[in-house]
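Read through the structure below, which is laid out as structure tokens, and then see the notes.
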Amino acid sequence: MRSSSAEASDEVAILTPAEAKAAAELATSLAQRYSSVDDEDLLCDLPFHASKLPLRAQRFLRRFALADRRGFCIVKGHVMDAARIGPTPADWRGMARPGPEFPEEILLLLYAALLGEPFGWVTQQDGHLVHNTFPIKEHEYEQLGSGSRELLTWHTEDAFHPYRGDYLILASLRNPDRVATTVAELDVSALSPEDLGLLFQERFRIVPDESHRPGNNSSVSASDRRRFANIERLTTDHRPVAVLFGSPTDPYLRLDPYFMEIPEEDLDANRAFRALVEVIDRNLRNIVLEQGDFLFVNNHRAVHGRAPFTARYDGTDRWLKRVNVTTDLRKSRDMRATAASRLIG
Ligand SMILES: NC(=[NH2+])NCCC[C@H](N)C(=O)O
Ligand SMILES: O=C(O)CCC(=O)C(=O)O
Ligand SMILES: [Fe+2]
């Protein structure tokens with residue numbers, strides 16, 4: 001594995017062709033041995049198989065996780081067999097599961113196992129563990145991963161939820177128009193001590209984003225609505241939260257301004273929040289995930305979003321696979337149906 005520049009980078013690692021080939025062969029052989037991404041045997045065996053990923057990629061990601069400093073890193077150079085993967089679907093509803101891109105989903109889960117445990121949401125993308133991100137015609141103007149024409153405003157993934165992921169991994173199957181993902185880390189030194197102190201206080205209200213709404217899942221029967229009860233509670237609850245937490249000198253982030261509201265009369269909280277948003281905006285960077293790139297986001301150390309773009313809707317659109325990762329599956333046990341379930345809801 002080479003780093004992207006002469007000196008070793010903590011941001012980008014590039015697989016050698018031999019490493020990329022080994023990773024692809026590992027994934028395709030596993031796709032023949034397991035039945036789906038929900039296969040309990042697969043989920044059990046993930047750490048064992050992940051130990052066969054390119055060693056330098058493993059070390060690169062362990063360093064990223066243990067340092068807990070950078071908000072993201074990228075492993076580039078994975079082989080994507082576009083012919084086998086086939087056209088980008090028009091909707092994630094009705095996709096074959098497993099589909100022809102099952103090996104790439106397994107590869108994503110192997111990487112997830114290096115950082116923690118992959119998990120999903122009962123209320124998002126019909127409860128699938130591995131999500132699909134490609135433009136959907138009906139969502140063109142929505143604040144959803146499946147939107148396109150609107151800027152997807154930057155956010156902590158599932159910021160509204162106490163059990164949101166510690167990491168988020170995006171794997172690029174294709175991105176022919178070089179549509180940018182956006183990422184930003186926080187430069188805490190740019191905030192005044194007063195604002196910093198305020199941002200650590202529970203003065204900021206947040207509601208669930210649209211991706212968890214019944215309407216953005218397959219048609220929900222009346223009896224099925226129970227599965228959205230916790231989301232509804234979090235929508236009406238309006239309990240204020242802090243947007244910064246952890247170390248005062250190197251804080252963790254938790255915010256999605258599009259879905260947040262600060263009581264109008266709380267002038268100090270409003271001022272501090274605006275300052276935070278400005279500081280993050282200034283650090284926002286465009287990262288084009290090229291075919292074969294895997295982006296690892298530390299969901300406490302960076303926010304992310306996506307630039308607007310014009311979708312093609314002809315089977316050649318940008319297509320990412322996404323998985324959420326937690327370092328502590330146990331903490332969400334009260335919202336998972338069984339100990340073995342990977343779905344919070
Ligand atoms: N600011 C926002 N748009 N937040 C919602 C992000 C999109 C959401 N995570 C999805 O999967 O579609
Ligand atoms: O499309 C992208 O690059 C990122 C979209 C996003 O926010 C997500 O998948 O969580
Ligand atoms: Fe996101």
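In listed order, ligands and their atoms are each counted from 1.
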If you count the atoms of ligand 1 from 1 in the order shown, which ones are under 4.0 Å from a heavy atom of Ser211?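 Those of ligand 1 that fall under 4.0 Å from Ser211 are 8 (C), 10 (C), 11 (O), 12 (O).
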Provide the number and element of each atom of ligand 1 under 4.0 Å from a heavy atom of Arg322.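 Numbered from 1, ligand 1 contributes 9 (N), 10 (C), 11 (O).
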Do we see a donor-acceptor contact under 3.5 Å between the side chains of Tyr258 and Glu210?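 No, because no side-chain N or O of Tyr258 sits under 3.5 Å from a partner of the opposite role on Glu210.
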Is the distance between the ring centroids of [Y] and [X] under 6.0 Å?
{"X": "Phe296", "Y": "Tyr111", "result": "yes"}
{"X": "His212", "Y": "Phe160", "result": "yes"}
{"X": "Phe134", "Y": "His139", "result": "no"}

Which of the atoms in ligand 2, numbered in the order shown and given with their element, are less than 4.0 Å from a heavy-atom of Thr181? 2 (C), 3 (O)
Is there a polar contact, in the sense of an N or O pair closer than 3.5 Å, between Phe259 and ligand 1? no
Taking everything shown except Lys52 itself, do over 12 heavy atoms lie less than 6.0 Å from its NZ?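 Yes - once you tally the heavy atoms of other residues, nucleotides and ligands closer than 6.0 Å, there are more than 12.
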Of the protein's non-hydrogen atoms, which lies at the shortest distance from [atom], and what is that distance?
{"atom": "atom 2 (C) of ligand 2", "answer": "Arg318 NH2, 3.4 Å"}
{"atom": "atom 5 (C) of ligand 2", "answer": "Leu152 CD2, 3.5 Å"}
{"atom": "atom 10 (O) of ligand 2", "answer": "Arg322 NH1, 2.7 Å"}

Round to 10° and report the angle made at the Fe ion (ligand 3) by NE2 of His304 and OE1 of Glu157. 90°
Measuring from the heavy atoms of His155, does anything fall under 4.0 Å of ligand 2? yes
Under 4.0 Å, heavy atoms only, figure out whether ligand 2 is touched by the backbone of Leu289, its side chain, both or neither.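 Answer for Leu289: neither.
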Going by the 4.0 angstrom heavy-atom rule, the piece of His131 near ligand 2 is neither
Under a 4.0 Å heavy-atom limit, does Thr153 contact ligand 1 with its side chain, its backbone, both, or neither?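 Answer for Thr153: both.
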Check Leu152 against ligand 1 and report side chain, backbone, both or neither, counting heavy atoms closer than 4.0 Å. side chain
Nearest heavy atom to atom 6 (C) of ligand 1 wins, so pick from Glu210, His155, Glu142, Glu157.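 That would be His155.
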